[in-house]
Amino acid sequence: MKIVFAGTPDFAVPPLQAIYKAYGSDLVAVVTQPDRPQGRRGILTPSPVKEEALSLGLPVLQPERLRSDRDALARCGADLMVTCAYGQILTQEILDLFPMGVWNLHASLLPAYRGAAPIPRALIDGCRETGVTVMKTELGLDTGDMLLSAKTPIYDSDDCGTLEERLSRLSAELAVEALAMIGEGNFSLRKQGEGFVCKKVQRTEVDFAKSAREVSCLIRGLSPAPFAYARIGALTLNFWFAEEVPCEADVPAGTVVGASPKEGLVVKCGTGAVCVTELQPAGGRRMSARDFLNGGKVREGMRFERLS
RNA sequence: CGCGGGGUAGAGCAGCCAGGUAGCUCGUCGGGCUCAUAACCCGGAGGUCGCAAGUUCGAAUCUUGCCCCCGCAA
């Protein structure tokens, strides 16, 4: 059973490694997005999947548009393709290249959170549980029939980074399990029910008028990128992590009610308060709230203000 | 030449604009108080002020060049 793997970001690396480990040279090619300009100086950077594929000695394809470059893919002569956060929409022509189908690893419990950013979205929405689904790709966006899924709880200590890492490892396990079933032809598929699509997440200004849980979930869902941020005085702060804390103080939402190195940066919300434990001022490095407060730039009683 | 912030004790910062004995908060070490403490009080150690050159009697501070870090935007 010859396999092609298509993926791009860090999330797809563990699945790639797991499939390589299980199938070795039957993994005949890796497809990934073209190198893109990254960072402040716009340096052309290969995707994490490309780097891993090269270090495993696997052939790499990175067409600008897969649909208009199907010949190279056809020449691989693979029986099936596994996709994982590849980043391009497949066409029927592409799907038809693989007699045993195209299978997608998706980081949600489908049919919830189809589309671009299932992990941060689940976190932002305050879900208590999420997971990974293996599905057979069809033309609709993540609407194909499901083969396998696995769940994991979302903890209050999770941010997008930790959750993504956990789901990535789950995906890797699930991928190997799924391939075994497909290889033996011993499986059945389940239809998806009514679901919904989620969009890519953007950098977002925190609205402290919302509940402490909403604020905390937003901060954790957007960390470690693209971040929830807020302005206080002349400073803009990117928040890396925050937890909910009880708060009796009768002050406007956004007011700093705790700014000692001991208690951390505590900010009043619509209901309750959040304690920011890890943050990054614009221009500065990531630091603990404790270190930040030692600088003395933010004191109790100051207030986060939204401009717009 | 995309816009911008920054490099001062182990950490986070002030001092720079109007050059002249290195400061704050925290940590750390020692001592004290206490039944006790992450609390409180007293004391100490710890800094080539990113690098180089220049101006000056004198540069963390002014000028020039270089290195490094970071936020936004792509």
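Order of the sequence lines sets the chain letters (A, B, ...), proteins ahead of strands, with each chain counted from 1. In this text, all values refer to a predicted model and were calculated from it rather than measured experimentally.
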| said: Assess the residue pair A:Arg121 and A:Lys199 against the criterion (side-chain contact (heavy atoms from CB on, under 4.5 Å)); give the C-alpha distance rounded to whole Å, side-chain angles, the decisive distance to 0.1 Å, and a yes or no. | reply: CA-CA 8 Å; A:Arg121 288 291 175 194; A:Lys199 290 183 191 163; 4.0 Å; yes
| request: Could you give me the CA-CA distance, side-chain angles and deciding distance for A:Met287 and A:Gln280, then say whether side-chain contact (heavy atoms from CB on, under 4.5 Å) is met? | output: CA-CA 6 Å; A:Met287 64 185 82; A:Gln280 179 168 26; over 6 Å; no
| task | For A:Arg128 and A:Asp156, run salt bridge (charged side-chain N to carboxylate O under 4.0 Å, His left out): C-alpha distance rounded to whole Å, both residues' side-chain angles, the deciding distance at 0.1 Å, then the answer. | result | CA-CA 9 Å; A:Arg128 299 292 186 179; A:Asp156 288 343; 3.4 Å; yes
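Between B:rA9 and B:rA14, the distance separating the two C1' atoms is 14 Å to the nearest Å. Taking the C1' atom of each, B:rA59 and B:rC41 are spaced 39 Å apart, rounded to whole Å. Nucleotides B:rU61 and B:rC49 have their C1' atoms positioned 10 Å apart, rounded to a whole Å. Separation of the C1' atoms belonging to B:rG50 and B:rG31 is 38 Å when rounded to the nearest angstrom. The gap from the P atom of B:rC68 to that of B:rC51 amounts to 15 Å, rounded to the nearest Å. Rounded to whole Å, the separation between the P atoms of B:rA38 and B:rC26 comes to 15 Å. On the C1' atoms, B:rG27 is 14 Å away from B:rG44, given to the nearest whole Å. Annotation: B:rC16 and B:rU34 have their P atoms spaced 45 Å apart (nearest Å).
A salt bridge links A:Lys50 to A:Asp35: one of the charged nitrogens lies within less than 4.0 Å of a carboxylate oxygen. Remark: A:Glu164 does not engage A:Arg220 in a salt bridge, criterion side-chain N to carboxylate O under 4.0 Å.
Protein atom CZ of A:Arg290 is 8 Å distant from nucleotide atom P of B:rU28, rounded to whole Å. Across the protein-nucleic acid pair, A:Arg285 atom CZ and B:rG71 atom P stand 10 Å apart, rounded to whole Å. Distance, A:Trp240 CH2 to B:rC70 P: 11 Å, rounded to whole Å. Rounded to whole Å, atom P of B:rC72 lies 13 Å from atom CD of A:Glu205. Between the CG atom of A:Asp291 and the C1' atom of B:rC24 there is a distance of 15 Å, given to the nearest Å. Taking atom CD of residue A:Gln38 and atom P of nucleotide B:rG71, one finds them 13 Å apart after rounding to whole Å. The interatomic distance linking A:Met287 (CE) with B:rU25 (C1') rounds to 14 Å, in whole Å. In this structure, the CZ atom of A:Arg299 is 10 Å from the C1' atom of B:rC24, given to the nearest Å.
Counting only N and O atoms by type, the side chains of A:Glu52 and A:Gln17 include a donor and acceptor under 3.5 Å apart. For the 3.5 Å distance criterion, the side chains of A:Ser211 and A:Thr271 fail to qualify, holding no donor opposite an acceptor. Residues A:Arg166 and A:Thr152 have side chains that bring a donor and an acceptor to within less than 3.5 angstrom of each other.
Listed nucleotides B:rC13, B:rU25, B:rC40 differ in distance to A:Pro281; the shortest reach to its side chain belongs to B:rC13.
The partner of B:rA9 cannot be assigned: no Watson-Crick or G-U wobble pair with both contacts below 3.5 Å exists in any strand. Within the shown strands, nothing qualifies as a pairing partner of B:rC35 under the Watson-Crick or G-U definition with both distances less than 3.5 Å. Nucleotide B:rA52 forms a Watson-Crick or G-U wobble pair with B:rU64, both donor-acceptor distances falling under 3.5 Å. The partner of B:rG43, taking Watson-Crick or G-U wobble pairs whose two distances both stay under 3.5 Å, is B:rC29. Base pairing annotation: B:rC57 forms a Watson-Crick or G-U wobble pair with B:rG20, both donor-acceptor distances under 3.5 Å.
Across all strands, A:Gly296 comes closer than 4.0 Å to no nucleic acid atom at all (heavy-atom distances). Contact annotation for A:Arg286: no contact, since no heavy-atom pair falls under 4.0 Å across all strands.
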Using a cutoff of under 3.5 Å, can you pull out all pairs of nitrogen or oxygen atoms linking the protein to nucleotides 43-45 of chain B, with atom names and distances?
none

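With A:Phe304 as the aromatic partner, A:Arg231 does not meet the cation-pi criteria of under 6.0 angstrom to the ring centre and within 45 degrees of the ring axis.
Applying the 4.0 Å criterion to OP1 and OP2 of B:rC70, one finds that A:Asn238 has every side-chain N and O outside that range. OP1 or OP2 of B:rC70 has not a single side-chain nitrogen or oxygen of A:Gln280 nearer than 4.0 Å. Side-chain nitrogen and oxygen atoms of A:Lys297 include at least one within less than 4.0 Å of the OP1 or OP2 phosphate oxygen of B:rA14.
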